[in-house]
Amino acid sequence: GLSEKLQNTLNRLKGKGKLNENDVKEALKEVKMALLEADVNYKVVKDFVSRVEERAVGKDVMESLTPGQQVIKIVNEELSELMGKERSKLEFSPQPPTVIMLCGLQGSGKTTTAGKLAKKLAADGKQPLLAAGDIYRPAAIDQLQQLGEELNLPVFSMGDEKNPVDIVRGAISYAQSHGRDTVILDTAGRLHVDREMMQELEDIEQEVNPAETLLVVDAMTGQDAVNVARDFDEILNITGLILTKLDGDARGGAALSIKTVTGKPVKFVGNGEKLEDLEPFYPERMASRILG
Amino acid sequence: FRGYSKIDDELFTELEELMVQADVGIKTTMDMVEELRTRAREEEIEDPEELFTEFQEKLVQILKSDFEPLELSADLNIIIMVGVNGVGKTTTMAKIAERYRAQDKKVMFAAGDTFRAGAIEQIEVWGQRLGVEVISQQAGSDAAAVAYDAVQAAKARNADLLIVDTAGRLHTQKNLMKELQKVKRVIAQEAPTAHKEVLLVLDATTGQNAISQAELFDEAVDVDGIALTKLDGTAKGGIVVAIKNELGLPIKLIGVGEEAEDLQDFDPDQFVEALFS
Ligand SMILES: Nc1nc2c(ncn2[C@@H]2O[C@H](COP(=O)(O)OP(=O)(O)OP(=O)(O)O)[C@@H](O)[C@H]2O)c(=O)[nH]1
Ligand SMILES: Nc1nc2c(ncn2[C@@H]2O[C@H](COP(=O)(O)OP(=O)(O)OP(=O)(O)O)[C@@H](O)[C@H]2O)c(=O)[nH]1
Ligand SMILES: [Mg+2]
Ligand SMILES: [Mg+2]
């Protein structure tokens, strides 16, 4: 992994005598490579490496017997700092029902995650109501209804002829009259650059002021992650992220890029296709996964 | 290029940044930039424009070499859609069907995703919209059994093209990759003379993981071509350069939207131009 590469590079450089600043800069290229291979955004990597460099060109590293270990320690500290220390929780509204809106690019895992969240909330003693806000994708409503059936939880739908603002309004009213305290709104996948579709989300936000607007992001997303997150966060009030498909071998550098650029926390991770595959986000685990 | 008056380190750094941000990948990028530096020195190139043009041509060459577009043979054609979760397999299948239906070909669908909620219904909606017959079984049934039924039906109805949808699966899930091999085997056994094509669907927003996906799917079921989806977003899909360069897998189709018409043949020149726009 990265620790060995750093250690080897620095040992090789140290082999010719005492380490100097340029040697450390040379070794840090390994950090740059590791982060780029992990899909961390190019500009984020540049800033990160220069921050590490500032700390690494000090006597503690250059005169250390194990400079590689010193650098790795700095990298890990800086990375964990960036990923955030707090274990992030869901916010609930003082006045029920709490509305949780899921949004994101096409295919990122929103509908499945809606089911997972409903399962978790029910297990936590809540009364969730799933709301079918995707009126475009073929059989999207069927998909959510099947998940609701599997969980024995209600799904609110108005079919695909009503607009999502009316649907979420209807869902809230249904929740109030049927004792459901949380509405989980599934929305259609959309491009951050699709003006009309982003307006639809804005309209929903204006209408119901969700306690949580969660951006659902695929862990294998590459450099484009910052563009997507920045646009969603600028147009909406994103309160957090859910990173999906972490059961694969994607390093998930998108998480670091998005956190750095938006400051918004990852609240959950999707760890599989089943409805139980939702876990809290552990920043230190993510940091070491990204470093490889 | 880009307002540079001379070839220097700054230019190569800018090139590196451009390529990495297009998801070409750091290893491929560094190899290519290194090669470009050498060429600039050896051929004594002074003009950045000239260097940049050479560079683009090199990229086009990588993507163009042994390029074969998607083509139907005169016999039964069978396309198997494979790929990880959510990349656009089912939607791409619909787009391919639309293209050939418009050419008056008889197309059929096999609802091979028997696992995911709403998967069979999703194909049925497309089948209805496009006038394509869907062969399916109950949810939870064996995907290979659906494939078997579909091949028999395609032969009986004298179909020109059978497209087999499969469930999304991570390339790292060994048992699911085995299941995919079984689907391919059943199809090969039941339609030995058919022209068969395994189409790997990749999402243009995917980063370096696409290489791992391509490697493992190719290893498991011998991929014939790639369909790169969601190029209507801001992601460049540069990872296909590394995939073509290292694995030799050709990109045949691109997806540029969510409707049935949003399918285009892969055009290396346009693609490379877009990488740097
Ligand atoms: N392996 C794995 N697959 C997942 C995970 N989350 C979702 N999926 C799968 O990803 C695919 C897409 O999931 P959906 O829930 O349909 O995605 P979506 O964002 O609602 O898609 P659109 O509505 O079309 O934008 C499905 O095959 C899911 O089973 C996860 O954490 N791990
Ligand atoms: N913008 C855009 N969206 C696309 C494109 N191709 C597919 N999609 C969308 O991506 C989402 C997922 O598409 P699917 O066809 O369900 O993907 P899949 O690979 O079959 O998903 P699973 O079967 O769950 O693994 C849907 O919302 C599609 O409309 C494309 O080229 N551009
Ligand atoms: Mg959905
Ligand atoms: Mg599908």
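Each chain gets a letter, A, B and so on, in the order its sequence line appears, and its residues count up from 1.
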**Q.** Per-residue contact mode, A:Leu36 against chain B (heavy atom under 4.5 angstrom)
**A.** both
Q | chain A interface, residue from B:Ala22, B:Ala235, B:Ala204 that has the most non-hydrogen pairs under 4.5 Å | A | B:Ala235
Q | Between OH on residue A:Tyr42 and CG on residue B:Leu18, distance to nearest 0.5 Å | A | 9.5 Å
Q.
Using 0.5 Å steps for rounding, measure from the OG1 atom of B:Thr234 to the CG atom of A:Asp231.
A. 7.5 Å
**Q.** Region of B:Thr205 in contact with chain A, defined by heavy-atom distances below 4.5 Å
**A.** both
Q. Does B:Asp8 CG have over 12 foreign heavy atoms under 6.0 Å away?
A. yes
Q | Interface moiety of B:Glu258 toward chain A, non-hydrogen atoms closer than 4.5 Å | A | side chain
Q | Side-chain heavy-atom pair A:Met220, B:Val87 within 4.5 angstrom cut-off | A | yes
(Q) Using heavy-atom distances under 4.5 Å, tell me whether A:Ile141 contacts chain B through its side chain, its backbone, both, or neither. (A) neither
Q | Taking every non-hydrogen atom, the tightest pair across A:Pro138 and B:Gln122 | A | O-CG, 3.5 Å
Q: Could you have a look at B:Thr229, B:Ile120, B:Val20 and say which one has the most heavy-atom pairs with chain A under 4.5 angstrom?
A: B:Val20
Q) If every non-hydrogen atom of A:Leu147 is compared with every non-hydrogen atom of B:Ala117, which pair is closest and at what distance? A) CD2-CB, 3.8 Å
Q: Under the side chain to side chain contact (heavy atoms under 4.5 Å, CB included) rule, what do A:Arg137 and B:Thr91 come out as? Steps first, then yes or no, please.
A: CA-CA 10 Å; A:Arg137 169 173 154 153; B:Thr91 308; over 6 Å; no
(Q) For chain B, which candidate among A:Gln106, A:Lys32, A:Arg251, A:Lys46 shows the most heavy-atom pairs at distances under 4.5 Å? (A) A:Gln106
Q. So does A:Glu4 have more than 12 non-hydrogen atoms from other groups sitting under 6.0 Å from CD?
A. no
Q: For atom CD of A:Gln199, decide whether the heavy atoms of other residues, nucleotides or ligands shown that lie under 6.0 angstrom number more than 12.
A: yes
Q. What distance separates B:Met30 CE from A:Lys29 NZ, expressed to the nearest 0.5 Å?
A. 7.5 Å
Q | Residue, of B:Gln173, B:Lys230, B:Lys236, that accumulates the most heavy atom pairs under 4.5 Å with chain A | A | B:Lys230
Q) How many angstroms lie between atom CD of A:Glu273 and atom CG of B:Asn85, to the nearest 0.5 angstrom? A) 4.0 Å
Q. Roughly how far apart are A:Thr221 OG1 and B:Asp203 CG, rounded to 0.5 Å?
A. 7.5 Å
Q. For the candidates A:Val193, A:Asp39, A:Leu191, which exhibits the highest count of non-hydrogen atom pairs separated by less than 4.5 Å from chain B?
A. A:Asp39
Q | A:Asp142 side chain vs B:Gly118 backbone, donor-acceptor pair below 3.5 Å | A | no
Q) In this structure, are over 12 heavy atoms from other groups packed under 6.0 Å from B:Gln128 atom CD? A) no
**Q.** 4.5 Å side-chain heavy-atom contact, A:Gln143 and B:Glu121
**A.** no
Q.
Can you tell me how far apart CG (A:Asp224) and OG1 (B:Thr206) are? Round to the nearest 0.5 Å.
A. 10.5 Å
Q | A:Asp249 to B:Ser212 - nearest heavy-atom pair and separation | A | OD2-OG, 2.9 Å
